[in-house]
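In what follows, a single structure is set out as structure tokens and then discussed.
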Amino acid sequence: MRFLLDDEQREFARSLDAMLTAADTVAAARAWGAGEHGPGRAVWARLADAGVFALPVPEEYEGVGPLSVETAVAFVELGRHAVPGPVVETVAAAVLLAQLAEAGEREPAKRFLPSLASGAASATLTLPQSGPLALDADAADLVLTAVDGELRLAPGHARVRRSLDPARRLAAPLPGGELLASGPAVTAAARHATAWAALATAAQSLGVGLALLDRTVAYAKQRAQFGAPIGTFQAVKHRLADVLVRLEFTRPLVFGAATTLAPGDVAAAKVSAGESAYGAARAALQLHGAIGYTAEFDLSLWLTKARALRGAWGDPGVWRERVLAARE
Amino acid sequence: MRFLLDDEQREFARSLDAMLTAADTVAAARAWGAGEHGPGRAVWARLADAGVFALPVPEEYEGVGPLSVETAVAFVELGRHAVPGPVVETVAAAVLLAQLAEAGEREPAKRFLPSLASGAASATLTLPQSGPLALDADAADLVLTAVDGELRLAPGHARVRRSLDPARRLAAPLPGGELLASGPAVTAAARHATAWAALATAAQSLGVGLALLDRTVAYAKQRAQFGAPIGTFQAVKHRLADVLVRLEFTRPLVFGAATTLAPGDVAAAKVSAGESAYGAARAALQLHGAIGYTAEFDLSLWLTKARALRGAWGDPGVWRERVLAARE
Amino acid sequence: MDLEFTPEEAEFRQRARDWLAAHVPPRPLPSLETAEGFTAHRAWERELAADRWSVVSWPEEYGGQGADIVKWLVFEEEYYAAGAPGRVSQNGINLLAPTLFDFGTEEQRARVLPAMATGEVIWAQAWSEPESGSDLASLRSTARRTDGGWLLSGQKTWSSRAAFADRAFGLFRSGPGEPHGTAADRPAKPHHGLTYLMFPLDADGVTVRPVGRLDGKPAFAELFLDDVFVPDEDVIGEPGQGWRIAMSTTGNERGLTLRSPGRFLAAADRLVRQWRARTDTADTALRDRVADAVIGARAYELFTWANASRFTAGGTIGAESSLNKVFWSEYDIALHETALDLLGPDGELLDGSPADGPDWTEGYVFSLAGPIYAGTNEIQRDIIAERLLGLPKGRR
Amino acid sequence: MDLEFTPEEAEFRQRARDWLAAHVPPRPLPSLETAEGFTAHRAWERELAADRWSVVSWPEEYGGQGADIVKWLVFEEEYYAAGAPGRVSQNGINLLAPTLFDFGTEEQRARVLPAMATGEVIWAQAWSEPESGSDLASLRSTARRTDGGWLLSGQKTWSSRAAFADRAFGLFRSGPGEPHGTAADRPAKPHHGLTYLMFPLDADGVTVRPVGRLDGKPAFAELFLDDVFVPDEDVIGEPGQGWRIAMSTTGNERGLTLRSPGRFLAAADRLVRQWRARTDTADTALRDRVADAVIGARAYELFTWANASRFTAGGTIGAESSLNKVFWSEYDIALHETALDLLGPDGELLDGSPADGPDWTEGYVFSLAGPIYAGTNEIQRDIIAERLLGLPKGRR
């Protein structure tokens with residue numbers, strides 16, 4: 001029983017934080033939303049250098065994993081820095097392929113996993129448990145679908161649709177395409193990949209919530225109204241205190257889910273992270289006032305992402321149902 | 001379109017308020033909870049003198065009604081003063097009997113309505129839409145059941161059970177007893193009586209909420225902590241402001257329901273009054289602190305009643321369902 | 001106590017309903033926060049005005065029908081129930097016009113109001129400044145006296161509609177004692193010496209910088225003013241009395257006219273329809289929130305009828321408008337959150353709503369501004385606690 | 001990072017489970033807030049103590065098993081999962097005992113702790129006074145020096161368990177500067193000059209007036225003290241240092257030991273069972289709240305494991321305990337509100353719960369005290385904002 005990150009894991013978080021702080025992720029996210037993927041790809045290359053994409057991939061396929069706790073550590077930082085792109089989906093695709101390999105379907109893993117692990121390729125996908133749209137289908141190197149027990153390489157995608165989060169662009173993969181695998185193993189692997197997607201999304205949401213809280217606390221210390229910093233007003237203090245309570249009780253759920261990967265734990269983490277990060281966004285917007293409501297103010301990147309991630313890979317209602325289903 | 005109480009209605013409220021203020025309703029409520037019904041009956045006699053029990057009863061049966069708006073006016077005051085006893089149930093019984101008479105079943109109305117209208121008798125009852133327990137079955141002069149399409153005079157009641165609200169004592173009417181009427185008219189009348197019960201309960205809840213708010217505001221002005229009245233703390237101010245917002249948006253729902261008696265309006269009033277009075281109770285308890293948590297402090301009468309009335313005649317979940325059902 | 005309409009009111013309702021049925025565009029106009037949509041909404045205002053439906057409550061001489069408050073509310077109910085477009089003229093109609101009726105000159109009313117009614121001139125508001133959010137008394141932009149008028153300088157922000165509008169109105173410091181942000185050097189009475197002015201957005205010295213809100217649409221703008229000349233005829237009321245005049249306007253903004261119940265009634269109706277249309281009808285988990293949307297719309301409607309009845313009986317509304325502001329702004333967000341959750345995965349899309357009404361996501365973004373503008377809800381709660389509940393002032 | 005138990009921990013868990021399975025009364029004891037229930041619960045403490053299960057984390061010499069924090073949490077999990085009775089000794093074990101371990105003398109520990117462990121002496125706490133709720137520094141009760149000891153006078157209130165307990169502990173003003181309620185005449189350092197004392201509730205000069213909580217049960221009492229003699233041996237720590245000593249205890253009260261996760265895990269499990277047993281299973285409207293109860297219990301459990309791991313690694317817990325207090329106290333109320341709503345019409349009854357566990361209504365009433373005692377949640381939020389988020393102090 002040692003439910004604490006070890007020194008190495010903490011150091012990993014710190015180094016990712018430092019790297020992303022230096023990488024101007026805000027500019028990359030804004031460019032990404034405008035359809036310019038260059039700066040975002042540069043951030044991805046740095047993440048790849050740091051080994052982030054190798055974490056879910058078994059050593060056999062040139063990865064270092066699967067390491068779910070380290071993946072959660074990384075995704076908290078990705079959320080804190082508003083990194084754009086199909087990060088969750090790339091992890092989910094890697095897990096799907098690795099799981100299929102374990103069930104005996106090794107060809108797709110051999111073909112794609114090494115490039116996903118190295119960061120040479122990004123991926124997006126739709127699964128039975130996701131919506132019909134794939135994140136960044138126009139930007140990802142690999143667009144997979146794994147519905148109805150068939151894993152396919154999508155032949156393209158329909159029109160790109162814009163999300164409330166400007167850095168998220170979604171499109172439905174076109175039907176058909178090369179059949180990579182089929183049968184119950186695909187369905188089982190998709191389920192496992194969904195759990196990882198939910199875990200990664202939860203960790204990312206937690207990071208988004210922490211960033212929103214940090215920025216709002218800093219703002220409340222310097223913004224004056226009625227002759228005093230607004231951070232002296234008790235209504236402001238208490239609202240931020242409640243945000244901290246919720247985030248600090250989400251953190252153990254996220255790392256608990258990363259540790260056990262139990263369906264109930266993953267579901268609990270997804271619900272709590274989605275709701276608490278969104279609560280942080282509501283508080284951050286209200287306490288910033290009008291400035292927070294503008295797209296040009298950087299806070300907007302996290303505000304809109306908190307809302308989008310709450311619904312991504314299933315909204316809290318869907319996952320609450322799974323919390324109870326896991327107890328049957 | 002004149003959605004305002006008229007002068008006569010306001011004066012009715014004022015005179016009830018003055019009368020109940022003078023009547024030591026707190027002592028009556030405490031005695032009632034101890035099974036001593038004398039002081040409570042004295043309060044009821046005054047209410048009868050003021051004409052409260054004649055309001056739902058048609059003139060034909062020695063009433064002055066049915067006057068649903070005046071009934072709501074009266075029940076707000078009953079709630080504000082924590083009047084004990086089966087007030088809602090007596091109104092519901094009167095409405096049930098009057099409605100049956102309108103459908104041709106006049107005997108039960110002739111037999112019982114005049115004494116209910118004059119306040120000479122009190123009543124309690126169970127309906128298909130109520131729970132299996134009747135409020136104050138040990139104290140009421142008339143215990144009716146109107147389930148399965150049969151209106152009966154209950155031959156007695158099972159063991160009296162205590163509520164969280166010490167002034168509420170509940171017992172299941174014994175089965176059987178004299179059959180007063182039967183058939184679809186009973187079922188229809190029971191439905192109509194349930195609407196009046198919900199309306200009266202909503203009005204009573206609103207009054208309970210208003211009393212809780214008044215008392216807590218007064219306390220917050222005089223109670224000092226950390227060298228200042230707690231009413232100067234913004235967290236206290238905002239919590240009380242929110243209570244007022246909810247109660248002031250419940251008020252028009254209650255009087256709207258009294259005006260239209262439409263199923264959707266009654267349901268909306270019941271939900272909103274139950275939730276906002278309970279919210280007032282939570283705030284009142286928290287802002288009073290430990291003193292509010294004691295049974296001997298008078299606030300407790302309203303705190304516990306707010307919770308009990310929220311569930312009486314169906315909790316907010318049940319009535320939310322009916323809000324939507326009314327739109328079909 | 002009744003909720004019945006007179007035959008005349010019922011006839012008015014029917015007339016409004018018929019006109020709207022014949023004129024409301026079959027599909028939603030493009031967002032009024034875009035150049036294209038602004039033009040389309042301006043044309044819609046002209047169409048409304050042609051049959052005197054753009055400002056029903058104004059006197060006939062300015063383009064209205066002289067409708068009383070009950071009829072105005074009836075019109076709004078019908079308007080939103082018909083799915084009619086948002087009102088691009090609302091800043092002028094709701095905020096400037098009441099001020100002109102109360103404090104303007106006959107000449108100003110005759111000059112300004114008819115063009116406002118037809119949508120020929122669309123007005124933007126110019127209250128806020130970068131350093132003064134809810135603390136309106138701390139304004140710094142100045143109006144300097146010059147021959148036959150005033151020279152405006154400074155910066156305004158969060159100016160709704162200013163990206164595409166024609167003219168703007170706001171407060172400028174014309175008297176002594178320029179305030180600063182900190183308590184120490186604020187003048188003792190910072191709300192003295194403010195003047196209420198109207199000015200054209202295409203005048204020399206005005207720079208308009210559109211500002212995108214959360215969904216990127218330029219819902220407001222920053223205004224940079226550099227010696228912008230305004231003739232005396234465009235001062236409203238006495239110079240230096242702007243605070244008092246504006247307070248009457250912002251009271252109005254929070255009060256009855258800001259959000260008509262019709263809008264929420266129509267939205268709640270649509271929500272019920274969409275909830276019923278869900279494939280998974282056995283799942284009632286969202287049911288309670290949909291019911292709360294219905295209950296809240298009805299509560300707001302009835303609260304408004306009570307206020308309208310009070311007005312009609314000669315009463316006024318004061319700090320009670322803060323109750324209204326807190327209620328509708330939080331209700332509006334909850335309603336839209338429920339709508340987005342009903343949409344499921346499509347709830348994050350900027351164009352993910354069924355075409356039977358306005359886009360829920362755009363409505364959601366719009367709703368998020370509710371607790372912030374026209375006095376934040378924190379300030380409203382302070383007002384409620386101090387003025388309505390009588391709790392002591394002083395600390396916050 | 002792991003959530004695995006060592007073989008030794010697993011063996012400890014099994015031993016606890018077996019003992020509890022053999023000893024836990026088959027039906028719930030009467031409420032411990034009644035005379036009858038108090039006696040029954042005291043007997044249960046003796047039964048626990050007989051096999052060293054009453055204070056597992058204490059050293060063996062005082063009746064414990066020397067269990068570390070992980071084992072203690074494991075024991076609590078098993079304890080509540082087995083449906084074992086509430087702990088009538090908890091004030092002494094959770095609040096006084098840690099103080100004695102840190103500040104008491106060897107003699108005091110030897111005298112007080114074994115009798116506490118067996119339930120022979122049940123302790124009440126005596127912190128609050130009528131005029132000082134959360135503002136503990138404003139205490140007025142006094143300890144006057146006398147030969148060989150102290151004379152206590154004044155009034156204490158909200159003294160949990162004091163209606164039936166044997167002894168009590170609390171703070172008394174022994175130094176200069178008696179404070180009053182208003183800011184003006186408060187001494188500059190009101191927390192100076194307080195002394196921590198233990199005293200018998202049946203001593204001369206002590207009057208105990210039981211006070212009923214919301215459900216009428218005498219969960220606490222008022223204590224009137226009139227020159228109650230306390231020998232020097234019953235002073236804990238140095239006279240005048242009581243504030244510092246008590247703060248270490250109240251920190252403890254808010255921290256790990258106040259509410260063990262096992263209690264919430266067991267309650268959430270029961271809630272799920274009862275939700276599934278509903279007749280109307282198609283109605284999922286309460287489902288989300290039941291799920292939230294499960295999620296909250298797991299969050300609290302994992303948060304506690306993280307803290308336990310931090311302790312084990314040599315870390316400490318400070319203002320973070322305020323996060324804990326706010327979380328569990330609000331969680332506990334929400335959980336019980338959900339349980340009462342699941343009961344439907346029976347939810348208002350004082351005896352309306354299924355017999356498979358503690359009465360939900362009594363638990364609900366108990367939960368309502370959570371946000372009030374041990375520092376109100378308002379104060380906890382101030383602490384969180386100022387000490388954890390670094391927001392400026394000063395105004396409230």
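Hydrogens, waters and symmetry mates play no part in the numbers below; they use all other heavy atoms, side chains included. Throughout, protein chains are lettered first and strands after them, A, B, ... in sequence-line order, and every chain is numbered starting at 1. Predicted model, so just to flag it, every value in this text is computed and none were measured.
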Quiz item: Are the side chains of B/His238 and C/Asp382 in touch, meaning some heavy atoms are under 4.5 Å apart?
Solution: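 The answer is yes, as the side chains (C-beta and beyond) meet within the 4.5 Å cut-off.
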
Exercise. Check whether any side-chain heavy atom of C/Val294 sits under 4.5 Å from a side-chain heavy atom of B/Arg320, and report yes or no.
Key: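 Of all side-chain heavy-atom pairs linking B/Arg320 with C/Val294, none is under 4.5 Å.
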
Quiz prompt | Contacts of type salt bridge (Lys or Arg N to Asp or Glu O under 4.0 Å), residue C/Glu4, not counting sequence neighbours | solution =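 Salt bridge (Lys or Arg N to Asp or Glu O under 4.0 Å) check on C/Glu4 returns nothing, list empty.
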
Quiz item: Quick check: does any side chain N or O of B/Lys237 sit under 3.5 Å from a backbone N or O of C/Ile384, one acting as donor and the other as acceptor?
Solution: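 Between the backbone of C/Ile384 and the side chain of B/Lys237 there is no qualifying donor-acceptor contact (under 3.5 Å).
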
Exercise. Pick one of side chain, backbone, both or neither for C/Glu378, based on which atoms fall under 4.5 Å of a heavy atom in chain B.
Key: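 Both parts, backbone and side chain.
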
To check you understand the geometry: which heavy-atom pair defines the closest contact between [X] and [Y], and what is its length?
X: C/Ser309; Y: B/Met1; answer: OG-O, 4.3 Å
X: C/Pro392; Y: B/Gly231; answer: CD-O, 3.8 Å
X: B/Leu240; Y: C/Leu391; answer: CD1-CD1, 3.8 Å

Practice problem: Walk me through it: do C/Arg276 and B/Arg327 pass the test side-chain contact (heavy atoms from CB on, under 4.5 Å)? | Solution: CA-CA 11 Å; C/Arg276 282 201 210 292; B/Arg327 305 208 135 209; 3.8 Å; yes

Exercise. Quickly, which of B/Leu5, B/Val73, B/Leu4 forms a side-chain contact (heavy atoms from CB on, under 4.5 Å) with C/Met1? Name it, please.
Key: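 Single pass found, and it is B/Leu5.
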
If you look only at distance, which donor and acceptor atoms sit under 3.5 Å apart when one is on a side chain in residues 199-210 of chain B and the other is two or more places apart or in another chain?
from     : atom 1 : to       : atom 2 : distance (Å)
B/Thr201 : OG1    : B/Ala197 : O      : 2.6
B/Ser205 : OG     : B/Thr201 : O      : 2.9

Practice problem: Please round to the nearest 0.5 Å and tell me the distance separating atom CD of B/Glu248 and atom CG of C/Asn324. | Solution: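 Separation between the atoms: 11.5 Å.
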
Quiz prompt | For chain C, which residues of residues 280-291 of chain B have heavy atoms nearer than 4.5 angstrom | solution =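 The stretch does not come within 4.5 Å of chain C.
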
Quiz item: Are there residues of residues 212-222 of chain B that reach to under 4.5 Å of chain C by heavy atoms, and which ones?
Solution: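 Within residues 212-222 of chain B, the residues under 4.5 Å from chain C are B/Leu213, B/Val217, B/Ala220, B/Lys221.
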
Exercise. Can you tell which part of B/Val69 gets under 4.5 Å to a heavy atom of chain C, answering side chain, backbone, both or neither?
Key: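 Side chain only.
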
Practice problem: Could you look at B/Thr260 and say if it's the side chain, the backbone, both or neither that has a heavy atom under 4.5 Å from chain C? | Solution: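 Just the side chain, heavy atoms under 4.5 Å.
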
Quiz item: So, C/Arg381 and B/Asp242, do they make that salt bridge, N to O below 4.0 Å?
Solution: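 Here C/Arg381 pairs with B/Asp242 in a salt bridge, since their nearest N and O are under 4.0 Å apart.
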
